Amino acid sequence: MPNLVEVTYKQTGQSKKTNALGMREMQAEAFKANTAQYLLIKAPPASGKSRALMFIALEKLYNQGIKKVIVAVPEKSIGASFGTTELKKYGFFTDWSPNPKYNLCTPGPEKSKVTAFLEFLDTDEKILICTHATLRFAFQGLDEKKLDNTLVAIDEFHHVSAEGDNRLGEVLKNIMAKSSAHIVAMTGSYFRGDNIPVLMPEDEAKFTKVTYNYYQQLNGYEFLKSLGIGYHFYTGRYFKKQPDKEMSALAEVLDPNLKTIVHIPSVNSAESSKEKHDEVAHVIEVLGEIDYQDEKTGVIYVKSTKANKILKVANLVNDDPKSRDKITAYLREVKSPEDIDIIIALGMAKEGFDWPYCQHALTIGYRGSLTEIIQIIGRATRDSNNKTHAQFTNLVAEPDAENDDVKVAVNNMLKAITASLLMEQVLAPNFKFKLKRDDEDESDDDELTIRINPKNGGFKLPTSQRAKDIIETDLNDLKAKILQDDQMLKAMPGNLDPETINTVLIPKIIREVYPDLDEEDLEAVRQHVVLDSVIKNSTIEEQGDKKFIRMANSFVNIDDIHIDLIDQVNPFQKAFEILSKSVTAQTLKLIDDHIQSTKIEMTEEEAALLWPKINEWVKKTGEHPSLQAFDQKEKRMAEAIIFLRELKRKRMQDE
């Protein structure tokens, strides 16, 4: 199956260059905002967020009256990113030198860490590093005033949630409300997998945002030139021989010549055999035969006939803490591509895990969380001289009509494809949209600026600062929410008219996410979301001195683009076209049956939008649209007629 997403980059080296203070591009951007009390840094994996925090924290400690810095990370292994770091020799005014005593990301009971945390607040020590859990436990009964003149930095900020029972979210809210503390929040994906907002709009508005996108990061690399995202489907068990094939689905996609992280399925998922250690054995069996295991490091040496060499394999699925500590300690010291070949993991080696040499992230089983997928892809997108291409592969089960969980499986498949749609948006460059005016000089526009024709007065620019900020920094986060919406999941395969998706469904979701926007600004945000999505899903071609855009079934001069034209394109259609070529007819029918059985209820707004199309249809064919039609759009028009009749009947009854 071809990749759903294939992106190539220009290798400009820009994102890796450092300035006179030793800061990379993203770090310098973040440092400009160092005086903000509340700072939100949204930047992809490997862009240098941990060091950006060091620069900002030291500036606040030495020059802004901040007395202490607390850094909270989701798990102990990530604490290593905030260890002693030389900054002075690269041009900064001082080094990052935390006292090892107050690095609480070490083995040991939680109770003693909470004690050390509370003790730290009463000492002259400047820096403490702990886990999110330690921060949460330490706050039970703590007076927030103790954090006056303290900087609290929260890494992987998407672990926070605005929902009442999210303890980390509650801690953050109390710190902001009851102390003068400064906050630096850092994340590679400012959205959660569960569609719950990270912060409430009124709290989020207090943060100064620095956004550095995936495209800036990857386009500015030195070695990595391309990234592919692909899905492979299997029947039965992924480690068993597939029908009409000589090998298992796992053997088809696991290349022993590539540095690979393999994530086996969650034990609670349908794809899991429930025997995780057996599944590790299956992965090793595909690689070759075990030669021996090093007692000191825990590395498993495997003879691979396919790769014609001995592979070094790390098993992070092992439950024994001693064995796991051995291999994680070894992985922390990895300095070259030769040190490890394959890592097998379950819950580990996702966010914050640093193995720059990784070429392939192979994930088995559906991942309902878009955040988790972005984090896993981030493991393979570090720049390193051993690779020019990075690959993410999701090995997923085709729904089985005989299985009771067929609805769950179909939903999961739709979510998997949705993740690739989002990644296509996240990985592409951000376009700037301006109004096309005859009296304006367009010679200064760069290749990422697109002028929109004001035909019918259609194109709206934001008027409030809030709407401008959403368009400037939050479009991908908003798309994540749109793509996770249940109605949108059912609409995307094409059973809803594109105009209904773009002008009814999308604004409804935006209104839920940003209830404070007025109608003018809501329309401006909607247009930018749809424009950006459609353009990123299209290809731009040059012919002579003119540029053309190929979108859906149209080939249009870029100077003639207007909103009415864009609204007639389903921005999410492409992935499903590829999907339809990659799965069996039976699976496609299961997906369609599932969507039909959970039919989207019609709104009056959608019916009104379909009415002129129905009249056009009747004029053209001489017949009414049929409910039994194979074509989904005709079927939807037939449903609109029934809906409008019923609406008319109810109104007459009321009168």
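Heavy atoms only: backbone and side chains are in, while hydrogens, waters and symmetry mates are out. A quick note: this is a predicted structure, and the numbers were derived from the prediction, not measured.
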message = If the condition is side-chain hydrogen bond (donor to acceptor under 3.5 Å, both in side chains), which residues does T35 pass it with, not counting sequence neighbours?
response = none
task = For F459 and H528, run ring-ring contact (aromatic ring centres under 6.0 Å, His included): C-alpha distance rounded to whole Å, both residues' side-chain angles, the deciding distance at 0.1 Å, then the answer.
result = CA-CA 9 Å; F459 184 53; H528 278 79; 5.4 Å; yes
ask   = Closest approach of I261 and C358, non-hydrogen atoms and distance?
value = CG1-SG, 4.0 Å
request  = Would you indicate whether Q37, at its atom CD, is surrounded by more than 12 heavy atoms from other residues, nucleotides or ligands within a distance under 6.0 Å?
outcome  = yes
query = Rounded to the nearest 0.5 Å, what separation is found between the NE2 atom of H182 and the NZ atom of K68?
reply = 15.5 Å
Side-chain touch I471/F433, heavy atoms, less than 4.5 angstrom = no
I'd like a table of donor-acceptor pairs (distance under 3.5 Å, sequence neighbours excluded) in which one partner is a side-chain atom from residues 43-56, with atom names and distances.
from, atom 1, to, atom 2, distance (Å)
S47, OG, P44, O, 2.7
K49, NZ, A43, O, 2.8
K49, NZ, P44, O, 3.2

task = Answer with yes or no whether the side chains of N476 and K42 bring together a donor and an acceptor at under 3.5 Å.
result = no
message = Once you measure the plane-to-plane angle for Y215 and Y9, does it fall in the parallel (<30°), tilted (30-60°) or perpendicular (>60°) bin?
response = tilted
S180 and D148: side chain donor to acceptor below 3.5 Å = yes
ask   = Quick one: are P74 and H132 in side-chain contact, heavy atoms under 4.5 Å?
value = yes
ask   = Checking side chain to side chain contact (heavy atoms under 4.5 Å, CB included) for the pair I41/K209: CA distance, chi angles, key distance, verdict?
value = CA-CA 6 Å; I41 301 171; K209 291 176 189 169; over 6 Å; no
Set of side-chain hydrogen bond (donor to acceptor under 3.5 Å, both in side chains) partners for K126, sequence neighbours left out = none
query = Below 4.5 Å, heavy atoms only, C-beta onward: do S81 and D354 meet side chain to side chain?
reply = no
inquiry  = Under a 3.5 Å threshold, yes or no: a donor from one side chain and an acceptor from the other, between Y221 and Q217?
reply    = yes
query = Side chains of Q375 and R379: is there a donor and an acceptor less than 3.5 Å apart?
reply = yes
key: Validation row: L478, I510 side chains within 4.5 angstrom (heavy atoms)   = yes
ask   = Will you find, in the side chains of T131 and T134, an N or O donor that is under 3.5 Å from an N or O acceptor?
value = yes
query = Is the CD atom of E110 crowded by more than 12 outside heavy atoms at less than 6.0 Å?
reply = yes
query = With no hydrogens and no angle check, do the side chains of K460 and Q527 hold a donor and an acceptor under 3.5 Å apart?
reply = no
